[in-house]
Amino acid sequence: MNTITVGLVQQSCSDNRQENIDTSIRGIYEAAAQGARLVVLQELHCGRYFCQTEDTACFDQAETIPGPATEVFGALARELGIVIVTSLFERRAPGLYHNTAVVLETDGSIAGKYRKMHIPDDPGYYEKFYFTPGDLGFTPISTSVGRLGVLVCWDQWYPEAARLMAMAGAEMLIYPTAIGYDPLDHLEEQTRQREAWITIQRSHAIANGIPVVSVNRVGLEADPSGIGAGAAFWGNSFVAGCQGELLAVADNDREQVLVVDLDPKRSEEVRRIWPYLRDRRIDAYGDLVRRYRD
């Protein structure tokens, strides 16, 4: 194929699950109407980001895979003949839950899934309370539009995850995301955090010679406990090319659909002039499996 047209759906979320799903569906239709053959949704797009607090009632939002959401979005993938990347709160068994991305093929079937490996536990991001670390490893998902290296949010800060996906043949990296800043932080700190988030992901594109697709939610979501100021999700969903070049960037304050053409041949061209995989000193990297070199 000459190009792969990718759609990104950046949205805000409410407490109304059906409204959120409807917003995702409208975004998918819009992207598909512009030629997208692959559409990526943001992290946990069926609801608000509930991890600002620790509340066992939130486990009621989890669902099985396959389940209600994969049925809805699988039918849409089949109707439009596109690949869709969703992000769901997975109920695997009683008391066992994951933050899981599911890839739906053009016939509506599940091409594969990825369970978030790196789980944060920070003020406003109490994910360890809810999510068991993934156990599916860093394995690309084969689809009709290529081998997708799907990761989720906090994974995007780890070069090891991106590298292992690339080493397994991923042709692009995809990050459904829910990240924002504390509204009480001063503007300079908010800007530093957002720029760090963009920079680290652009570096994964450069280091591995493959494009990066990052889809973030947008809008202020209040802290249900009333203790914190909430999370101001900064949007800025983007696509970076194989040399880290920004091909498209969404706004930071509104819902938006981006559609970008990617050239599958570009990775080969870039890797020929910047052969990082060739020059890796794998004989000297043994200590990377240690927590720290004391």
Side-chain angles (χ1 to χ4, degrees), residues 6-14 20 23-24 27 40-45 47-52 85 87 99 101 116-127 149-162 172-208 210-223 228-260 262:
V6 182
L8 295 72
V9 179
Q10 173 177 293
Q11 67 180 85
S12 57
C13 290
S14 71
N20 299 325
T23 299
S24 296
V40 183
L41 302 175
Q42 67 198 30
E43 185 181 17
L44 302 172
H45 54 87
R48 288 190 181 274
Y49 181 75
F50 52 85
C51 305
Q52 291 193 60
V85 179
S87 174
N99 186 331
K116 187 173 182 176
M117 292 281 280
H118 301 94
I119 311 297
D121 187 47
D122 300 299
Y125 295 87
Y126 298 112
E127 295 197 11
V150 181
L151 298 158
V152 177
C153 200
W154 194 236
D155 293 324
Q156 63 207 178
W157 299 96
Y158 294 86
E160 299 90 344
M172 70 177 74
L173 296 173
I174 294 175
Y175 295 100
T177 300
I179 189 169
Y181 42 68
D182 186 328
L184 299 181
D185 283 342
H186 54 77
L187 179 60
E188 292 80 3
E189 176 60 20
Q190 293 176 355
T191 301
R192 284 193 294 266
Q193 291 180 10
R194 188 173 65 251
E195 290 303 309
W197 173 75
I198 294 171
T199 301
I200 190 65
Q201 292 177 91
R202 293 176 70 185
S203 76
H204 299 329
I206 297 167
N208 295 291
I210 51 179
V212 166
V213 176
S214 183
V215 187
N216 190 25
R217 68 173 58 206
V218 70
L220 177 66
E221 295 186 20
D223 180 349
F233 295 100
W234 59 54
N236 279 144
S237 302
F238 70 91
V239 178
C242 301
Q243 291 168 298
E245 70 276 23
L246 289 172
L247 302 177
V249 182
D251 295 337
N252 68 357
D253 59 357
R254 68 184 179 97
E255 296 183 324
Q256 196 170 353
V257 173
L258 294 181
V259 175
V260 182
L262 297 178

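One-based numbering along the sequence shown.
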Task: Interatomic distance, I174 atom CD1 to L8 atom CG [nearest 0.5 angstrom] - done: 9.0 Å

- [ ] Hey, could you give me the CZ/SG distance between F233 and C13, rounded to the nearest 0.5 Å?
- [x] 9.0 Å

Task: Rounded distance [0.5 Å steps], CG in L44 versus CG in N99 - done: 4.5 Å

TODO: Look at the side chain of S203 and the backbone N and O of I200, then say whether any donor-acceptor pair between them is shorter than 3.5 Å.
DONE: yes

- [ ] Give, for atom OG1 of T199 and atom CD1 of I206, the distance between the pair rounded to the nearest 0.5 Å.
- [x] 9.0 Å

Open item on the list: One thing to verify: whether E43 and K116 come together as a salt bridge, which I'm taking to mean a side-chain N less than 4.0 angstrom from a carboxylate O.
Closed with: yes

Open item on the list: Quick one about Q156 and T177 (side-chain donor to acceptor, distance below 3.5 Å, no hydrogens or angles considered), yes or no?
Closed with: yes

Open item on the list: Under a 3.5 Å distance rule, please check whether D155 uses its side chain to pair with a backbone N or O of V152 as donor and acceptor.
Closed with: yes

Open item on the list: For Y125 and Y49, take the angle between the two ring planes, folded into 0 to 90°, and tell me which bin it lands in: parallel under 30, tilted 30 to 60, perpendicular over 60.
Closed with: tilted

TODO: Using atom types as modelled and distance alone, determine if a side-chain donor or acceptor of N236 lies under 3.5 Å from a backbone N or O of A250.
DONE: yes

- [ ] For residues W234 and Q190, determine if any side-chain heavy atom of one lies less than 4.5 Å from a side-chain heavy atom of the other.
- [x] no

TODO: For R202 and G244, work out which heavy atoms get closest and say how close.
DONE: NE-O, 2.6 Å

TODO: Would you kindly say whether N216 and Q42 are connected by a side-chain donor-acceptor distance under 3.5 Å?
DONE: no

Open item on the list: Between L173 and I210, is there a side-chain heavy-atom distance shorter than 4.5 Å?
Closed with: yes

Task: Test salt bridge (Lys or Arg N to Asp or Glu O under 4.0 Å) applied to D185 - qualifying residues, sequence neighbours left out - done: none

Open item on the list: Distance check, rounded to the nearest 0.5 Å: I179 atom CD1 versus C153 atom SG?
Closed with: 5.5 Å

- [ ] Locate the shortest heavy-atom distance separating H45 from S87; write the atom from each residue and the value.
- [x] NE2-N, 3.3 Å

Task: Pairing of R192 and E195 as salt bridge, 4.0 angstrom limit - done: no

- [ ] Check whether the side chains of Q11 and S24 place a donor and an acceptor atom closer than 3.5 Å, and report yes or no.
- [x] yes

Task: Least distance between heavy atoms, H118 atom then A161 atom - done: CE1-CB, 4.1 Å

Task: Donor-acceptor contact below 3.5 Å, side chain Q10 vs main chain V215 - done: no

Task: Side chain to side chain, V239 and V212, heavy atoms closer than 4.5 Å - done: no

Task: T23 side, atom OG1; E255 side, atom CD - distance, nearest 0.5 Å - done: 5.5 Å

TODO: Please name the pair of heavy atoms, one in P211 and one in C242, separated by the smallest distance, quoted to 0.1 Å.
DONE: CD-SG, 3.7 Å

- [ ] Quickly, which of Y175, F238, Y181 forms a side-chain contact (heavy atoms from CB on, under 4.5 Å) with W197? Name it, please.
- [x] F238

TODO: Give a yes or no answer on whether the side chain of E188 reaches the backbone of H186 with a donor-acceptor pair at less than 3.5 Å.
DONE: no

Open item on the list: For G27 versus V257, what's the shortest heavy-atom pair and its separation?
Closed with: CA-CG2, 3.8 Å

Open item on the list: Is any side-chain heavy atom of E127 closer than 4.5 Å to one of D121?
Closed with: no

Open item on the list: With a 3.5 Å distance limit and no angle check, can you tell me whether D251 reaches the backbone of D253 through a side-chain donor-acceptor pair?
Closed with: no

Task: Full working for side-chain contact (heavy atoms from CB on, under 4.5 Å) between I119 and Y126 - done: CA-CA 9 Å; I119 311 297; Y126 298 112; over 6 Å; no

TODO: Report yes if the side chains of V259 and V6 come closer than 4.5 Å at any heavy-atom pair, otherwise no.
DONE: no

Task: Test log, rule side-chain contact (heavy atoms from CB on, under 4.5 Å), inputs L247 and E245 - done: CA-CA 6 Å; L247 302 177; E245 70 276 23; 3.7 Å; yes

Open item on the list: Please give me the minimum heavy-atom distance between Q201 and S214, naming the atom from each residue.
Closed with: OE1-OG, 2.9 Å

TODO: Say whether, by atom type as modelled, one donor and one acceptor occur between the side chain of D182 and the main chain of A229 under 3.5 angstrom.
DONE: no

